[in-house]
Undergrad: 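Dropping the structure in here first, questions after.
Below, all heavy atoms of this structure are taken into account, side chains as well, without hydrogens, waters or symmetry copies. In what follows, every chain begins at residue 1, and chains take the letters A, B, ... in the order their sequences are listed.
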Amino acid sequence: MADFIQPRTLKGFRDLSPDQAYRRANLVRALEDVFRSHGYAPIDTPAMEYAEILKGKGGETSDKELFEWTDKGGREVALRFDLTVPLARYVAEHQGKLTFPFRRYHMGPVWRGERPQRGRFREFWQCDADIIGPETATADAEILVLMIDAYAALDVGSVTIRVNDRRVLTGMLDKLGVLDAAVPVLRALDKREKLGDEVSRLEIAEVEGLTESAADRILDLTRKRANDDETLAVLKDAVGDNERGLAGIETLERARELVAAAGKPASSLVIDPGIARGLDYYTGIVLEAQLDALPDIGSVGSGGRYDDLAGLYTKSRLPGVGCSVGIDRLLAALDELEAGGRGAAPAVLVTNPGDERLPEAFRFAAALRAAGISCEVFPDTAKHKAQMRYADKRGIPYVVTPDEGGTFFLKRLSDGATRTCASGADAVGWIAS
RNA sequence: GUGACUGUAGCUCAGUUGGUUAGAGCGCCGGAUUGUGGUUCCGGAGGUCGCGGGUUCGAAUCCCGUCAGUCACCCCA
């Protein structure tokens, strides 16, 4: 008879405990505050789209990672793998009703059929902010400032944001007469940090039209320098009078200037010509955020400029720039660092004084809540000791016991301080202070 | 998607060349003490050895499959 279905979750999918869900909710809330403070408004789109909307956007590889199937009505459908493509569809579809520049943020789950690993899931949340319309370094700088503010608000430790502009490298390749080599070279450069110069060098040298000496030069030019000024000087020299490359460098310089003007510490941003990340659709600046305390968990956020994202859906030219914060990876990192605080516990436990006097407990609890103090009444007439232990385990800082005769006995668990209050108002006052 | 490794109580792990009723610490539950918890003492519950199949007189220990996790590739938040 007892042939139960085994309770389990799908590969790469997972449950969030109250502690984890609490932390995620806090991160989401903090991000929303930051996004709104920059003038961004939320939108929402369906988790599922017509497969044709999603396919072919992030390159062939993201097609492979797509969860797609045929629905019962015979439609080819798929789950979104990011929030940027749905944004492109949204903007193309509703462009007549939108005001540009269009700033929106969007938070929700996305799905990718990758093989799971640490900090890497098949279902995870992204929190995106994008600005559609302006094709300016000003907008690029705005996104950088926004992202710096976002991580500052999240309280997840120090984060390094690295920026680059794809036009710098493509400008360099243009000069070498191998503009088409941009994608494979970017890919090879991306591996450098993990696999070392030699691996990247060989891979670049194999790209059509490139030689080993060209590979050496590319690797040298995109090396990390002591500081941004030095980096920019080297890049400027490398790019020469190539228009595309110069545009990239000017953008980086301008963005840096504006970020500094916004009062952000210089350390919050590093110009790193070696970062190439991102989907194929990035055309200008690209950025990537890493936790300083746990860099090997991967990037915890990224972004960049895409000047032709909605091109598949509309004639209109809809350039944009945006960023994405990966809160699930942040959450995984916080788990490992055992940071991020405990789960949601109310400020006060009102003990259950027995069925007869339970109304007193409810009345007092209501008064606490009215004063803005979260609380709960123990829902069972368990022994007092059990109720205390419950409060201790959940990390509830105060316990209040309604006594006979209308007084209240309070205890602060952190230091064991106790107090008898003549009235509920007294008790509320003591806790509030 | 490709390759490799791992899978024993809630958690971290022991489990000898395959051999009788699978162990520990922590946690959990109960009791005593503590003026109402966190200390200390006593007691207790809890394991389909991931799952399925095979080899064997006999498997947590060997083989195959499967599911899940981890790592590398790929890619990325």
Undergrad: Applying a 4.0 Å non-hydrogen cut-off, can you work out what A/G301 is touching in the nucleic acid: base, sugar-phosphate, or nothing?
TA: sugar-phosphate
Undergrad: So, is A/R389 close to the B/C28 phosphate, meaning a side-chain N or O under 4.0 Å from OP1 or OP2?
TA: no
Undergrad: When the nearest nucleotide of RNA chain B is assigned to A/T9 and to A/G113 on a heavy-atom basis, which residue is associated with the more 5' position?
TA: A/G113
Undergrad: Which is true for A/K385 with a 4.0 Å heavy-atom rule: it touches a base, it touches only sugar-phosphate, or it touches nothing?
TA: base
Undergrad: Tell me the interatomic distance from A/H384, atom NE2, to B/G37, atom C1', rounded to whole angstroms.
TA: 9 Å
Undergrad: Partner lookup for B/C57, please. Criteria are Watson-Crick or G-U wobble with both distances under 3.5 angstrom; report none if nothing qualifies.
TA: B/G19
Undergrad: Within less than 4.0 Å of OP1 or OP2 of B/G37, is there a side-chain N or O belonging to A/Q387?
TA: no
Undergrad: Give A/S414 one of three labels, base, sugar-phosphate or nothing, depending on what nucleic acid heavy atoms sit under 4.0 Å from its own.
TA: base
Undergrad: Taking 4.0 Å as the cut-off, does a side-chain nitrogen or oxygen of A/S302 come that near to OP1 or OP2 on B/A77?
TA: yes
Undergrad: So what does A/R329 hit on the nucleic acid, given a heavy-atom distance under 4.0 Å: a base, only sugar-phosphate, or nothing?
TA: base
Undergrad: Is A/K393 near enough to B/C29 that one of its side-chain N or O atoms lies under 4.0 angstrom from OP1 or OP2?
TA: yes
Undergrad: Quick one: look up who B/U48 pairs with, Watson-Crick or G-U, both distances under 3.5 Å, and put none if it's unpaired.
TA: none
Undergrad: Is A/R8 near enough to B/A68 that one of its side-chain N or O atoms lies under 4.0 angstrom from OP1 or OP2?
TA: no
Undergrad: Under 4.0 Å, counting only non-hydrogen atoms across every strand here, what does A/R120 touch: a base, just sugar-phosphate, or nothing?
TA: base
Undergrad: Can you tell me if A/Q387 uses its side chain to pair, donor with acceptor, with the backbone of A/A382 under 3.5 Å?
TA: yes
Undergrad: Pick base, sugar-phosphate or nothing for A/F121, based on heavy-atom distances below 4.0 Å to the nucleic acid.
TA: base
Undergrad: Between A/R118 and A/D328, which is nearer to the 5' end of RNA chain B once each is assigned its nearest nucleotide?
TA: A/R118
Undergrad: Please measure how far the C1' atom in B/A22 lies from the corresponding atom in B/C13, and state the result in whole Å.
TA: 14 Å
Undergrad: I'd like the C1' distance from B/A59 over to B/A4, given in whole Å.
TA: 25 Å
Undergrad: Given that both distances must come in under 3.5 Å, which nucleotide forms a Watson-Crick or G-U wobble pair with B/G25?
TA: B/C11
Undergrad: Using Watson-Crick or G-U wobble geometry with both distances below 3.5 Å, tell me the partner of B/C74, or none.
TA: none
Undergrad: Given the rule in the side-chain contact (heavy atoms from CB on, under 4.5 Å) test, do A/Y306 and A/V321 qualify, once you have shown the distances and angles that lead to the verdict?
TA: CA-CA 6 Å; A/Y306 38 85; A/V321 56; 5.7 Å; no
Undergrad: Does the side chain of A/K383 get closer than 4.0 angstrom to OP1 or OP2 of B/G31 through an N or O atom?
TA: yes
